[in-house]
Amino acid sequence: MTEIWKSRSTKLGENFAKELKITSLPVDPIEIAEELDIFVEPLPADKKGVSGMLVESNNNFGIKYATYVDNIGFQNFCVGHELGHYNLPGHYEQLMSNGYHESTAGFVSKERYELEADHFSAGLLMPSYLFNAELNKSQVGFKAIDVLSQKCKTSLTATAIRYAQKTPDPIAIIISEGQTIHYCFMSDEMKEIKGLTWIKKGSRLSQNTVTSRFNKIPQNISNSNQVEGEATLLDWFGSYLEYEVNEEVIGLGRYGKTLTVLTIDELPDQEDIDDENDLIESWTPRFKR
Ligand SMILES: [Zn+2]
């Protein structure tokens, strides 16, 4: 169910960009807000804990956005999130009874309305009709995400998620902190690989992964270090497949989290997997009841 309202929110964000006749990247959410006569202003840099606010008084709307993370991509995403609350059906009624709403943008909240606004923002700032052309020109893995995030002026994490949704390649992106995985997005091609156990929010990193070792040194994250190495599908997805995956690991600085991009050079052959499955099945002891 959840996948449906998420993709619907993304679609509404994309449609909004289309209605506004935006024909090139980057999409500027502050300009959009001002065109809609929404007053926009930054929150003071020492105001932490909220990513932004939507405020209303006598039918006049305002957006405030966080500046404690000094990153234009994150700020754009936060303004896009508030435009989501302004546009998405039911949000005004649900969130604005006090005349203001404080947000936690960036795919970290568990609240449905927050996540809907996040997906709206991703769709608005990276609409398929503009994003796909850039994606087709780009390389695979973190290089692609880095270039796309500069082109779209969006945060690395938001771009990574959009990249996972749109790329034709088998990839996965993971956001972690310490030894805990916050979330994982897999591309469709990756989801097609049989025998993978999908990573759940809050699960622990396998000790065999590059990310697990990287996260043991806090400076790696605060200094925005990057490393690359190899792991296997087994390490990441508890699969019996010993296929190698390339692991790119990037510290996200003040954000305090780590981005991992998994790519596979050669896809496991589905027939081999089927054979292996049959083998495992034939060796599974059967007990008489
Ligand atoms: Zn919000």
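Because only heavy atoms are used, hydrogens play no part in the values below, and waters and symmetry mates are left out as well, while side chains stay in. Source: prediction; values computed, not measured. Nothing fancy with the numbering, it's 1 onward along the sequence. Counting starts at 1 for both ligands and their atoms, in listed order.
At the Zn ion (ligand 1), the vertex angle linking NE2 of His85 with OG of Ser103 is 110° (nearest 10 degrees).
Ring-centre distance between Phe61 and Phe39: not below the 6.0 Å cut-off. Residues Tyr163 and Phe142 keep their aromatic ring centres 6.0 Å or farther apart.
Because the distance cut-off is set at 2.8 Å, Glu114 qualifies as a neighbour of the Zn ion (ligand 1) through one of its N, O or S atoms.
By the 4.0 Å N-to-carboxylate-O rule, Glu14 lies too far from Lys18 to be salt-bridged with it.
The atom of His81 nearest to the Zn ion (ligand 1) is NE2, with the search restricted to N, O or S atoms.
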Item to check | Audit row: Glu82, Ser103, side-chain hydrogen bond (donor to acceptor under 3.5 Å, both in side chains) steps and yes/no | outcome: CA-CA 8 Å; Glu82 300 311 325; Ser103 286; 2.7 Å; yes
